[in-house]
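To start, the structure itself, in structure tokens.
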Number of protein chains: 2
Amino acid sequence: MPWSRRKLAPRQHVFLQGDDKNHVHLVKSGYLRLYALLSNGRRQIIGFKTAGDFVALESGSTYRYSAQAVSATELHTVPISAFFAVAADDPQFLLRLYNMVCDNLSAAHDLVVTIAKRDAEESMAAFLLDIEARALGRKGKSDFVSLPMLRGDVADYLGLTSETVSRIFTNFKKRGYIEVRGRHGIRLLNRRALREISDRNARDFS
Amino acid sequence: MPWSRRKLAPRQHVFLQGDDKNHVHLVKSGYLRLYALLSNGRRQIIGFKTAGDFVALESGSTYRYSAQAVSATELHTVPISAFFAVAADDPQFLLRLYNMVCDNLSAAHDLVVTIAKRDAEESMAAFLLDIEARALGRKGKSDFVSLPMLRGDVADYLGLTSETVSRIFTNFKKRGYIEVRGRHGIRLLNRRALREISDRNARDFS
DNA sequence: CGGGTTATTGAATGATATCAACTTACGTGG
DNA sequence: CCACGTAAGTTGATATCATTCAATAACCCG
């Protein structure tokens with residue numbers, strides 16, 4: 001399968017919402033944000049992609065969202081025709097793609113659940129636990145996790161404002177649940193407490 | 001492919017979150033709600049399914065959400081092993097499944113966007129337009145559309161409360177945007193206005 | 001070290017949840 | 001077929017929490 005390498009600087013776009021979809025992308029290193037620009041000008045981030053993740057597996061002839069580098073990012077790009085030509089000949093491969101999209105679907109459902117919590121603290125706690133769990137596949141436990149995205153990215157992902165995100169970071173710090181190092185380093189000190197917040201009932205009987 | 005027919009009364013479950021996933025389902029008539037029960041007891045509806053829709057195409061060995069009949073529903077049920085045996089032998093069929101899951105993924109993204117609007121009126125306007133568009137495939141224009149689900153379902157779908165949903169219905173009625181007949185009939189009288197609400201900027205410069 | 005971007009903090013506003021009372025719709029059985 | 005009873009929906013008052021606007025502080029790149 002033919003592919004080409006591509007390097008992106010922060011803020012550079014892989015593609016824009018509405019572009020003709022001619023390629024599928026595989027992230028080799030770095031970090032991407034996928035986002036939709038709403039007609040009202042707001043931005044909804046629908047996911048982040050990191051090394052090993054495929055981008056644009058969905059059907060449709062145009063991209064439904066934009067993909068932009070958060071930090072310096074390398075990716076491999078494959079013409080979509082070649083990609084699906086291989087897939088059509090190799091049911092095994094197609095099945096793997098199928099499962100990847102299924103995983104994306106589950107992730108989207110999780111995002112719905114996280115957003116709809118309607119309590120900023122709950123959403124944030126769930127987000128931090130999720131980010132750490134995803135990173136834990138690579139690193140050792142109880143270590144600092146990299147948070148490459150900006151506060152505004154977290155906000156646009158969870159449906160909050162960057163101020164609220166900032167306030168909750170501060171609040172979690174004060175309560176000793178997390179430790180923050182610089183802008184992009186975070187370490188969870190009290191996962192249990194975060195899990196309780198993430199799971200707590202809005203109408204609490206305490 | 002072997003399949004069996006199944007009839008469900010309102011409130012009856014097709015399956016529960018956490019059950020072993022042994023079957024795939026195809027809705028023949030009626031209406032289903034798919035929902036996740038959160039650890040805090042709240043319910044997040046992640047989608048509704050109607051005639052022609054497949055349920056449980058996702059990967060994974062257990063159901064990640066529950067499926068329950070809203071109104072009397074008929075469906076065809078296929079053992080998952082048989083289903084994927086056929087799919088593995090028939091790349092054409094597998095590709096169609098792939099595209100269906102992709103559509104589900106897009107729908108989930110749309111839901112994220114709708115919820116994250118964070119303005120109840122915007123979410124509701126988008127919801128009504130979406131419901132009508134989906135139903136319009138079958139019926140003539142400017143007609144009453146069936147809204148089989150309850151107010152509480154809409155609320156749990158959009159991340160609101162049933163009271164808020166109710167208030168907005170009333171409000172849209174008063175403004176002449178919609179007409180409501182009984183509990184389950186609705187007709188959009190002013191799509192343009194609804195679209196403007198759905199698309200309006202929170203920080204409006206008017 | 002300096003400039004610009006990003007993040008934090010504060011005060012006030014406003015939208016939606018909550019709690020509670022009341023009304024309507026609808027299916028069931030008489 | 002009508003009356004009734006229950007579940008669903010509506011409406012109102014209040015409280016809460018996130019947003020908004022604004023000012024300051026920290027970070028990071030050259």
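Chain naming here is simple, since letters A, B, ... match the order of the sequence lines and numbering starts at 1 in each.
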For residues 150-158 of chain B, please give each side-chain donor-acceptor pair under 3.5 Å, one per line with the distance, not counting sequence neighbours.
unit_1	atom_1	unit_2	atom_2	d
B/Arg151	NH1	B/Arg183	O	3.3
B/Asp153	OD1	B/Arg33	NH1	2.9
B/Asp153	OD1	B/Arg43	NH1	3.2
B/Asp153	OD1	B/Arg43	NH2	2.8
B/Asp153	OD2	B/Arg33	NH1	2.4
B/Asp153	OD2	B/Leu150	N	3.0
B/Asp156	OD2	B/Arg43	NE	2.7
B/Asp156	OD2	B/Arg43	NH2	2.9

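- Listed pair B/Arg11 / D/dA7 fails the phosphate criterion, with no side-chain N or O lying under 4.0 Å from OP1 or OP2.
- Residues A/Glu58 and A/Tyr65 bring a donor and an acceptor atom of their side chains to less than 3.5 Å of each other.
- By the salt bridge (Lys or Arg N to Asp or Glu O under 4.0 Å) test, A/Glu121 is found to be paired with A/Arg175, A/Arg200, residues two or more places apart in sequence or in another chain being considered.
- Using a 4.0 Å cut-off on heavy atoms, none of the residues of residues 30-38 of chain A approach DNA chain D.
- With sequence neighbours left out, the salt bridge (Lys or Arg N to Asp or Glu O under 4.0 Å) criterion links A/Asp103 to no other residue.
- For B/His13, the side chain to side chain donor-acceptor pair (under 3.5 Å) partners at least two apart in sequence or on another chain are B/Tyr35.
- For the pair B/Arg151 CZ and C/dT16 P, the interatomic distance rounds to 18 Å; values are reported in whole Å.
- In this structure A/Ala87 satisfies the side chain to side chain contact (heavy atoms under 4.5 Å, CB included) test together with A/Phe84, A/Phe93, A/Leu94, A/Leu97, sequence neighbours excluded.
- Axis angle between the ends of the helix from C/dC1-D/dG30 to C/dG30-D/dC1, five pairs each and rounded to 10 degrees, works out to 60°.
- Here B/Arg181 pairs with nothing under the salt bridge (Lys or Arg N to Asp or Glu O under 4.0 Å) rule; sequence neighbours left out.
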Quick one: side chains of residues 104-112 of chain B, donor-acceptor pairs under 3.5 Å with protein atoms, not counting sequence neighbours, listed by atom name and distance.
unit_1	atom_1	unit_2	atom_2	d
B/Asn104	OD1	B/Lys49	NZ	3.4
B/Ser106	OG	B/Cys102	O	3.3
B/Asp110	OD1	A/Arg64	NH2	2.9
B/Asp110	OD2	A/Arg64	NH2	3.3

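- Among residue pairs with one or both ends in residues 11-31 of chain A, none qualify as salt bridge (charged side-chain N to carboxylate O under 4.0 Å, His left out); sequence neighbours excluded.
- For the segment residues 160-170 of chain B, the set of residues with a heavy atom within less than 4.0 Å of an atom of DNA chain C comprises B/Leu160, B/Thr161, B/Glu163, B/Thr164, B/Arg167, in numerical order.
- A/Tyr177 has its side chain out of reach of A/Arg191: every pair of non-hydrogen atoms, C-beta onward, lies at least 4.5 Å apart.
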Base versus backbone protein contacts along nucleotides 25-30 of chain D [heavy-atom cut-off under 4.0 Å; B, S, -]: -BBS--
